[in-house]
Each structure stands twice: as structure tokens, then as C-alpha cells.
Amino acid sequence: MDLKKEITKLENVHLMKPEKVFTMYLNTDPSDPDQQGGEWKIHLKNGLNNFEHYLQEDGDSDEKRNYWAVKEKVENYVQENEQNFAKSLVIIASADETVWFAERFQLPVETAFYWEEQPVVDQLKNMYKEFPKTGIVLTQKENIKLIDAELGQVRDTKLYELDLNTEDWKLHQGAHAAGAAMGSGGAKQSKSDQYNERFEANRYRWYKSVAPKLDKQAKELGWERIIMVGDKEEIDDLRDNMNKEADKVVNKNLLDHEETKVIDQVVYEE
């Protein structure tokens, strides 16, 4: 999903009464102290019912029918997807189905409900501003891992592994490939002094050879922000040779950590 495009599309929606757009931001974060008992279900029920009561009093039967149609769609979506909720749920919908946006996010929102002529996209904009398309580059000697992330979620994982015999960088695609590649080097965990000396002597040259590949990935994946993670000297060598600038540098060895935990550590922790 390209949230930037979706926001632009939603901003161009203008409906006339009795047609209106329903916008819902629902906090479903299980780690939120206020959500320990699944309170989002109560907030959802109250939020939906409030509009219904208002429309009953207003007396516009066409608008009422439109709202009921949207409410039914929202309730069905929640019922079908609640087992897979993350930190938040955003639904923007119209009765005639010209507007339907339903996404679960790993970023928090403040619970809010709207029934207006236009979608309310302020929180969506804030989410994108907080977490645009991001590349996290993790180094650990002959392994360089890329995490492609957006809106707090991992979109893809790639691993470049240096073949010390040919001095070529091999690309492993996807989380499973990266995990397998990392696991295959079990013997490398206890590297000899001779290996370390060879690596340090050639590191700059080897990292220089992989830098254009990383620049290419950054361009193709449309990264708007780059975070580099790893040993300071390794990161310095990569930064010297990459055209793309790093927006943030974290001197920690996190290459073998689970991707979502890496995001939590390098994006949200100062």
C-alpha cells in the first residue's frame, strides 16, 4: 500500500448530503494500559451508536440508511479481522462504496469517529510523517542486512553476504532466505584472529564494492529515510562510499535480532 497516494485520493473526496463519509481511528494497541481488557470493543460500539442516535433524532431517512450500510460494513470487517489487529485500525468508508479504506497499523492512533462530507485524514498524515518509507541497513562484518519498512511494519528483508573466496556479495531475498544465510554460517561465530585481520585489512574495499548495490536498493524501494546500524568503523566505511545519506546512525550490533524489535530499537528509542 502506498499511503501517500491513498491520502491524496482521500483528500479529493467531497460528498453531498445525504451521502457522507465515515472515518474511524480506533486504538487497538494491546500494550496500551487502557486497552488491557479489549476496551476498544466498547469504544467501537459507543462510537457507532452515537451517530445512529443522532441520525434517529435528525430524521433524514436517506442519510440514516447510508449510515446503516456503512456501519454494517465496518462491523463485518472488524469481525473478520479482529484476530489480526495490531496497534490501530483506520476505516474510511461511504455507503455507495466509492470510498473504502481499511488498514491495520503498527502505529498508535487516538480513537475518533467522524461522519462528514469529507474523509478526516489528519492522523493518517501524522502517521506517514512519523514513519515514511524507511530503509534500515545493518552491518556485521561480511553480512549486511536491509530491512524495508513503512508505517512501523516490515515490508521486506534482504541480506548481502560476502563470499570470501570470490569476494562477491551474494543477495538473499526475504526473511527466510536471510535467516537461512545467517544460520548457515554457524562456524563463523567464532572467527579466528587470522580471519579478523584479513577482514579489517580489506573491509573498506569490500564495503566500497557493495555500496552501489545498497544505493540501488534505496532508489528502487523509494526510501525516504535511511537508518544505519552497526559497528562505527563499518558504518563509516559504508557512508564514505554510498551516495545516499544516512538520516540516523545507531552503533549497535542488531543484525541477528528479529526485525520488528530492530524497528522498535532504532526508530523509536533515542
Side-chain angles (χ1 to χ4, degrees), residues 1-30 32 34-35 37-134 149-155 222 224:
M1 179 197 53
D2 189 328
L3 186 60
K4 215 173 184 177
K5 281 185 182 171
E6 289 292 336
I7 290 171
T8 303
K9 210 157 68 175
L10 290 167
E11 283 183 312
N12 288 320
V13 172
H14 300 266
L15 300 184
M16 299 289 287
K17 203 173 178 180
E19 294 287 345
K20 283 194 177 179
V21 184
F22 174 77
T23 303
M24 177 183 82
Y25 294 95
L26 188 65
N27 174 8
T28 56
D29 186 356
D32 186 330
D34 295 332
Q35 293 289 339
E39 279 79 359
W40 64 264
K41 292 181 181 178
I42 298 165
H43 297 148
L44 173 66
K45 186 180 177 184
N46 291 342
L48 292 174
N49 287 343
N50 284 344
F51 287 123
E52 196 161 359
H53 294 150
Y54 163 74
L55 290 169
Q56 290 278 28
E57 291 170 12
D58 190 49
D60 186 327
S61 57
D62 287 337
E63 188 177 343
K64 210 184 306 176
R65 270 195 297 275
N66 288 336
Y67 179 71
W68 284 340
V70 169
K71 183 185 173 191
E72 187 179 5
K73 286 188 194 115
V74 170
E75 288 174 334
N76 287 342
Y77 181 88
V78 169
Q79 199 173 353
E80 288 167 15
N81 293 280
E82 66 176 289
Q83 297 305 315
N84 301 312
F85 283 175
K87 291 189 176 179
S88 62
L89 170 65
V90 180
I91 296 181
I92 301 175
S94 65
D96 64 0
E97 299 187 354
T98 55
V99 181
W100 176 255
F101 175 93
E103 289 291 338
R104 295 153 288 174
F105 293 103
Q106 287 287 357
L107 298 178
V109 297
E110 282 184 33
T111 296
F113 298 83
Y114 306 90
W115 178 246
E116 298 180 4
E117 283 79 12
Q118 290 178 265
V120 180
V121 296
D122 55 343
Q123 290 200 63
L124 279 179
K125 282 181 169 180
N126 289 339
M127 287 163 86
Y128 193 82
K129 190 176 174 185
E130 182 189 341
F131 207 131
K133 290 182 180 178
T134 299
E150 185 179 13
L151 303 166
Q153 292 175 300
V154 177
R155 300 197 311 174
E224 295 176 40

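For the residue pair Leu48 and Phe22, the shortest heavy atom distance occurs at CD2-CZ, 3.6 Å. Here the closest heavy-atom approach between residue Lys87 and residue Gln106 is recorded as CD-O, 3.0 Å. What you find for Ser94 and Lys73 is that their closest heavy atoms are O-NZ, 3.7 Å. Of all the heavy atoms in Glu150 and Leu3, the pair that sits closest is OE2-N, 4.3 Å. Residue Arg104 comes nearest to Leu89 through the heavy atom pair CG-CD1, 4.1 Å, listed as atom of the first residue, atom of the second, then distance. Here the shortest heavy-atom pairing between Val99 and Asp96 reads N-OD1, 4.5 Å.
Counting only heavy atoms from C-beta outward, the side chains of Ser88 and Met127 approach each other to under 4.5 Å. Contact check for Glu52 versus Tyr67: side-chain heavy atoms found under the 4.5 Å cut-off. Here the side chains of Phe101 and Ile7 are not in contact, with every heavy-atom distance at 4.5 Å or above. Contact check for Leu26 versus His43: side-chain heavy atoms found under the 4.5 Å cut-off. Inter-residue side-chain proximity for Phe85 and Val78 is flagged as met; some heavy-atom pair is nearer than 4.5 Å. The shortest distance between side-chain heavy atoms of Glu116 and Lys20 does not fall below 4.5 Å. Inter-residue side-chain proximity for Leu124 and Leu10 is flagged as met; some heavy-atom pair is nearer than 4.5 Å. Phe105 has its side chain out of reach of Phe131: every pair of non-hydrogen atoms, C-beta onward, lies at least 4.5 Å apart.
In summary, Asp62 and Arg65 engage in a salt bridge, as defined by a charged side-chain N under 4.0 Å from a carboxylate O.
Remark: of the listed residues Lys133, Glu224, Lys9, Glu224 is the sole one forming a side chain to side chain contact (heavy atoms under 4.5 Å, CB included) with Lys4.
Side chains of Glu6 and Tyr128: a donor-acceptor N/O pair is absent below 3.5 angstrom, by distance only.
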Quiz item: So Val109 and Met24, side chain to side chain contact (heavy atoms under 4.5 Å, CB included) or not? Walk me through it.
Solution: CA-CA 10 Å; Val109 297; Met24 177 183 82; over 6 Å; no
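For the atom pair Thr111 OG1 and Asn27 CG, the distance stands at 5.0 Å (nearest 0.5 Å). The structure places CG of Asp29 at 13.0 Å from CH2 of Trp40, a figure rounded to the nearest 0.5 Å. The line from CD of Glu110 to CD of Gln123 is 6.0 Å long, rounded to the nearest 0.5 Å.
Taking the six-membered ring where the residue is Trp, Trp115 and Phe51 present tilted rings, their angle falling between 30° and 60°.
Residue Glu130 places its CD atom among more than 12 non-hydrogen atoms of other residues, nucleotides or ligands, all under 6.0 Å distant.
In this structure, the side chain of Asp32 does not engage the main chain of Thr28 through any donor-acceptor pair within 3.5 Å.
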